[in-house]
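Remarks on the structure that follows.
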Amino acid sequence: MKRIIAVCMFFCLALPLFTQGTSAAPGVQDIAQDPAMLVGATLSDLVARFGVPKQVKAVRGIAEWQDDVVFIYESGEYYVYLDRVWQIRVKTAYGVKEGDPRAAVNRVLGEGRDFEGYSLYQRPSRVWPIMVRINWTSSNRSEGIYIFRSDF
């Protein structure tokens, strides 16, 4: 795991040198409207778009293939497996924001599939199927908005 973090930090520090002059990516407003546009982004895409992350952390999965490196920016947290973003955590997306009551979220996203502590909502697919996961507090307010590849 230390090796993964070291490699990611190398890319964070070195990639801006190689990506100067690349075309501008969608702005923060575009990302807030449809964060799924960054699912599938490469490490170089992230660094070119946002620069060096303010923090990088490792998230251990049950199995080794479920380990992620998370790049943390002001715009959100980007979960990377190998060299691509497969999941994003944001504070607002699709007209929903953290702290919204469940009824308001369902009015905006439609009825989701409810599970213990969270709900899943299908979004229009791009290259792969996309889902939104909303985690709920004990008072039924959203506390986490995740956009991810549901085939992963």
Side-chain angles (χ1 to χ4, degrees), residues 1-100 105 108-110 112-113 115 117-137 141-152:
M1 183 55 71
K2 288 180 184 177
R3 201 174 357 199
I4 292 172
I5 293 173
V7 169
C8 289
M9 289 307 295
F10 169 78
F11 280 109
C12 286
L13 297 173
L15 281 176
L17 299 174
F18 300 108
T19 57
Q20 291 176 355
T22 58
S23 62
V28 173
Q29 186 65 21
D30 297 329
I31 295 164
Q33 290 176 5
D34 187 10
M37 68 186 348
L38 291 174
V39 172
T42 64
L43 291 174
S44 50
D45 292 337
L46 277 182
V47 174
R49 196 162 285 155
F50 301 117
V52 176
K54 69 178 190 177
Q55 187 179 2
V56 176
K57 68 179 179 180
V59 175
R60 175 71 69 192
I62 296 170
E64 186 175 320
W65 67 269
Q66 294 172 323
D67 293 349
D68 293 312
V69 175
V70 183
F71 286 59
I72 301 170
Y73 292 97
E74 291 298 324
S75 64
E77 298 179 2
Y78 300 86
Y79 290 70
V80 176
Y81 178 71
L82 295 177
D83 67 340
R84 297 223 177 237
V85 174
W86 76 273
Q87 175 174 262
I88 300 168
R89 180 180 181 174
V90 292
K91 295 184 185 294
T92 183
Y94 307 116
V96 174
K97 65 183 179 313
E98 286 188 342
D100 283 349
V105 171
V108 173
L109 296 179
R113 290 185 306 176
F115 297 90
Y118 67 95
S119 297
L120 294 176
Y121 302 86
Q122 184 72 47
R123 296 302 301 165
S125 295
R126 289 176 175 275
V127 176
W128 37 73
I130 297 290
M131 298 286 288
V132 175
R133 175 182 168 148
I134 307 284
N135 292 350
W136 304 109
T137 65
R141 292 198 170 271
S142 61
E143 71 173 342
I145 302 171
Y146 295 85
I147 294 94
F148 64 96
R149 284 181 60 173
S150 58
D151 65 339
F152 205 75

Phe50 and Leu38, any side-chain heavy atoms less than 4.5 Å apart:
yes
I'd like to check the side-chain contact (heavy atoms from CB on, under 4.5 Å) partners of Lys97; sequence neighbours left out, ordered by chain and number.
Thr92, Asp100
Backbone N/O of Gly99 and side chain of Ser142: donor-acceptor pair under 3.5 Å
yes
Is there a side-chain contact between Arg149 and Gln87 (heavy atoms, below 4.5 Å)?
no
Going by heavy atoms in the side chains, are Val96 and Tyr121 under 4.5 Å from each other?
no
Taking the side chain as every heavy atom from C-beta outward, state whether Val80 and Leu46 have any atom pair closer than 4.5 Å.
yes
Which residues pass the side-chain hydrogen bond (donor to acceptor under 3.5 Å, both in side chains) test with Glu74, sequence neighbours left out?
Lys54
Which heavy atom of Ile72 sits nearest to which heavy atom of Pro53, and what is that distance?
O-CB, 3.5 Å
To the nearest 0.5 Å, atom CG of Asp68 lies from atom NZ of Lys57 at 10.5 Å
Take Tyr79 and Tyr146, measure what side-chain contact (heavy atoms from CB on, under 4.5 Å) needs, and give me the verdict at the end.
CA-CA 10 Å; Tyr79 290 70; Tyr146 295 85; 3.8 Å; yes
Exam field: side chain Asp67 to backbone Gly61, donor-acceptor pair closer than 3.5 Å
yes
Residues in side-chain contact (heavy atoms from CB on, under 4.5 Å) with Asp83, at least two apart?
none
Drop me the distance from Leu120's CG to Met131's CE, to the nearest 0.5 angstrom.
4.5 Å
Please report the shortest heavy-atom distance between Gly51 and Tyr73, naming the atom on each side.
O-OH, 2.7 Å
Using side-chain heavy atoms (C-beta onward) and a distance below 4.5 Å, is Arg123 in contact with Leu109?
yes
Exactly one of Tyr78, Phe148, Trp128, Trp86 should register a side chain to side chain contact (heavy atoms under 4.5 Å, CB included) with Val39. Which one does?
Trp128
Set of salt bridge (charged side-chain N to carboxylate O under 4.0 Å, His left out) partners for Glu98, sequence neighbours left out
Arg89
Quick one: list whatever passes side-chain contact (heavy atoms from CB on, under 4.5 Å) with Arg84, sequence neighbours left out.
Thr42
